[in-house]
Amino acid sequence: MHVPAACDLLIIGAGAAGLFASVHAGRAAKKSGLSPSIFAVDTARKLGAKILVAGGGRCNVTHCRVDERDYAGSTPAAIRKVLKRYGVAQVAAFFADAGVELKQEDTGKLFPVSDSARTVLAALLSEVGDSGVSLVHPARVEAVEPGDAGSGEGFRVTTSAGSLTARRLILATGGRSLPKSGSDGSGFALAASLGHSLTEPILPALVPLVLADGHFIRGLSGLTLPTRLSLTAATGKRLATSEGSTLCTHQGLSGPAVLDISRHYLMAEHADAEVRLLINWLPELPAEELDARLREARGRGPLAVLRPHLPERLARQLCEQAGCPTAGDIPKDLRRRLVRLVTEMSLPVVGNRGFAVAEATAGGVPLAEVRLASMESRCCPGLHFAGEVLDVDGRIGGFNFQWAWASGFVAGTSASAALAADGDRAAVPPPP
Ligand SMILES: Cc1cc2nc3c(=O)[nH]c(=O)nc-3n(C[C@H](O)[C@H](O)[C@H](O)COP(=O)(O)OP(=O)(O)OC[C@H]3O[C@@H](n4cnc5c(N)ncnc54)[C@H](O)[C@@H]3O)c2cc1C
């Protein structure tokens, strides 16, 4: 498939953010009465890989309550400004109009009633088609240069499917997570080539953590239980906490609580090797209460106290790690050690599973370099941004898609409005 020689607006990347930006750019153009030519290009042979795998194939489209505290990266005030432009109710209405009703689960997550991510992708693609935007793929954007000043040319874009000029661009290339889907971080290089800085470091987010070889947790693979994780600095200051389900794996730890804290751990560890990640295996019971129950258990022993609350395999391991017998009286120092292991065990994290399995990317183009009302670059006029290429990442629960929808909406409508404002100086005729 070839790209046209010229277009008015080129959307680079047709993932969640790029598709949403496309729909809203196309719709806004129709409303303006102009017919700018709008194209979206993507490296992928099959579009929407990440939408299809999301939420275990069900696609967690958004969450019933979303605010800036669900995100990390750029400042909360900046994130809020974008989020409030396109809220959860608007997302639900958009998908309902497109034939995909959403349902809310007990966790607050919203999924399509079909329980099928395919319906979400199909609806988006159909809306893009209806909005008059043309999708070209596979076409990987390899380089972008600003055109000659004053020529009205906008940008010169080199793709694997030919070169073209575009008056405006939306960069919606995602981050680096799941690179086989096409999101290989090349968008960061494109942003940098147009004068943007990138936050340092750029790390996996929502990623399972790897524990030291031979650690007993690796032998508990498959076990899932509710926990609380806390990240502390060398000074003891608490930097982050997360609560929820944790899954022991043959390499370490995963599950929502671990995924949520992973970006905070990796960022903190990058800045200060002394940070500690602690796990409380029994958050429902305060440490003093556990200590009292162990004291009162006397001859029944610690396993009898732990067994009602923890999986047997874990309870036995914790006793063994503390050097406690599982039955009978235990001396005070071993009891204290066991309480510490149950309620604040330090995790010897030696790595993470990397971008190949991470669900998101921490870091990217700082929002400080973007005009939030239009998502237009402060460094490079005519360039807009949407989605995960920006320095914003959400916790598990539909927040990353919500960011893609909101920023995609702002970028798409604003880029179209800017074309209309540039006005009749322009429109490249749409292809026949
Ligand atoms: C396994 C998994 C499950 C997830 N589940 C959920 C979930 O249930 N709910 C949720 O909210 N979030 C989920 N996420 C996160 C969510 O998928 C992303 O945050 C979201 O897709 C980001 O959208 P985006 O459009 O910015 O980037 P992407 O979806 O990464 O899309 C970017 C697109 O740009 C294209 N591209 C990149 N570079 C170029 C280039 N140079 N030229 C042309 N095209 C290019 C890529 O091919 C890709 O199609 C999940 C992620 C993963 C990996």
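Indexing begins at 1, ligand by ligand and atom by atom, following the structure's order. Here the structure is a predicted model, which is why all the values come from computation and not from measurement.
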Report, as yes or no, whether the 6.0 Å neighbourhood of atom [atom1] on [X] holds more than 12 heavy atoms from other residues, nucleotides or ligands.
X	atom1	answer
Glu274	CD	no
Arg118	CZ	no
Arg27	CZ	yes

Inset, instruction - Mark the output for Gly185 as yes if a heavy-atom distance to ligand 1 is under 4.0 Å, and as no if none is. - result: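 Checking ligand 1 against Gly185, which is what was asked, there is no heavy-atom contact under 4.0 Å.
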Inset, instruction - Using non-hydrogen atoms of the residue, decide whether Ala49 is closer than 4.0 angstrom to ligand 1. - result: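 So Ala49 does not count as touching ligand 1.
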Using a 4.0 Å cutoff against the non-hydrogen atoms of [X], which atoms of ligand 1 qualify?
X	answer
Asp42	33 (C), 34 (O), 35 (C), 43 (C), 44 (N), 46 (C), 47 (O), 48 (C), 49 (O)
Ser183	28 (P), 30 (O), 31 (O), 32 (C), 46 (C), 48 (C)
Ala172	32 (C), 33 (C), 34 (O)
Ser181	47 (O)
Ala54	3 (C), 4 (C), 5 (N), 6 (C), 7 (C), 8 (O)
Ala358	53 (C)
Phe399	11 (O)
Gly387	26 (O)

Can you find a side-chain donor-acceptor pair between [X] and [Y] that sits under 3.5 Å?
X	Y	answer
Ser416	Lys31	no
Glu376	Ser414	no
Glu388	Thr361	yes

N/O separation below 3.5 Å, [X] to ligand 1:
X	result
Ser177	no
Ala16	yes
Thr43	yes
Gly55	yes
Glu388	yes
Phe401	yes
Ala17	yes
Gly175	no

Using heavy-atom distances, let me know which of [options] sits nearest [atom].
atom	options	value
atom 32 (C) of ligand 1	Thr173, Val392, Leu178	Thr173
atom 9 (N) of ligand 1	Thr361, Val41, Asn60	Asn60
atom 27 (O) of ligand 1	Gly174, Gly364, Ala386	Gly174

Nearest to [atom], what protein heavy atom do you find, and at what distance?
atom	value
atom 2 (C) of ligand 1	Glu359 CG, 3.7 Å
atom 42 (N) of ligand 1	Val141 N, 2.9 Å
atom 1 (C) of ligand 1	Val53 CG2, 3.6 Å
atom 29 (O) of ligand 1	Lys50 CD, 3.8 Å
atom 31 (O) of ligand 1	Gly15 CA, 3.4 Å
atom 38 (N) of ligand 1	Ser186 OG, 3.2 Å
atom 34 (O) of ligand 1	Gly13 CA, 3.3 Å

Inset, instruction - Give me the ring orientation class for Tyr86 and Phe409: parallel if the planes are under 30° apart, tilted from 30 to 60°, perpendicular past 60°. - result: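 Judged by the thresholds at 30° and 60°, the geometry between Tyr86 and Phe409 is tilted.
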Inset, instruction - Answer with yes or no after comparing the ring centroid distance for His137 and Phe39 against a 6.0 Å cut-off, counting only values under it. - result: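 They do not qualify: ring centres at least 6.0 Å apart.
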Inset, instruction - Step through it carefully: locate the ring centre of Phe399, locate the ring centre of Trp403, and say whether they are under 6.0 Å apart. - result: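 Ring centroids of Phe399 and Trp403 are no less than 6.0 Å from each other.
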Legend entry - Thr159 side-chain N/O to Ala139 backbone N/O, donor-acceptor pair under 3.5 Å: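 No, Thr159 side chain to Ala139 backbone: no donor-acceptor pair under 3.5 Å.
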Legend entry - Salt bridge Arg263-Asp393, side-chain N to carboxylate O under 4.0 Å: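 A salt bridge is present here (some side-chain N lies under 4.0 Å from a carboxylate O).
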Legend entry - Note: Glu145-Arg156 ion pair, threshold 4.0 Å (strictly below):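 Here Glu145 pairs with Arg156 in a salt bridge, since their nearest N and O are under 4.0 Å apart.
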Legend entry - Close side-chain approach of His215 to Pro348, heavy-atom, < 4.5 Å: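 Result yes, sub-4.5 Å side-chain heavy-atom pair found.
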Inset, instruction - For Lys103, check side chain to side chain contact (heavy atoms under 4.5 Å, CB included) against everything at least two apart and list the hits. - result: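 Partners of Lys103 by the side chain to side chain contact (heavy atoms under 4.5 Å, CB included) criterion, ordered by chain and then number, come out as Arg58, Glu105, Phe111, Val113, Asp115.
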Legend entry - Pair listing, ring-ring contact (aromatic ring centres under 6.0 Å, His included) test, anchored in residues 364-388, at least two apart: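 Residue pairs passing ring-ring contact (aromatic ring centres under 6.0 Å, His included), neighbours aside: His196-Phe385.
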Legend entry - Audit row: His309, Glu284, side chain to side chain donor-acceptor pair (under 3.5 Å) steps and yes/no: CA-CA 9 Å; His309 301 284; Glu284 77 201 44; 3.0 Å; yes
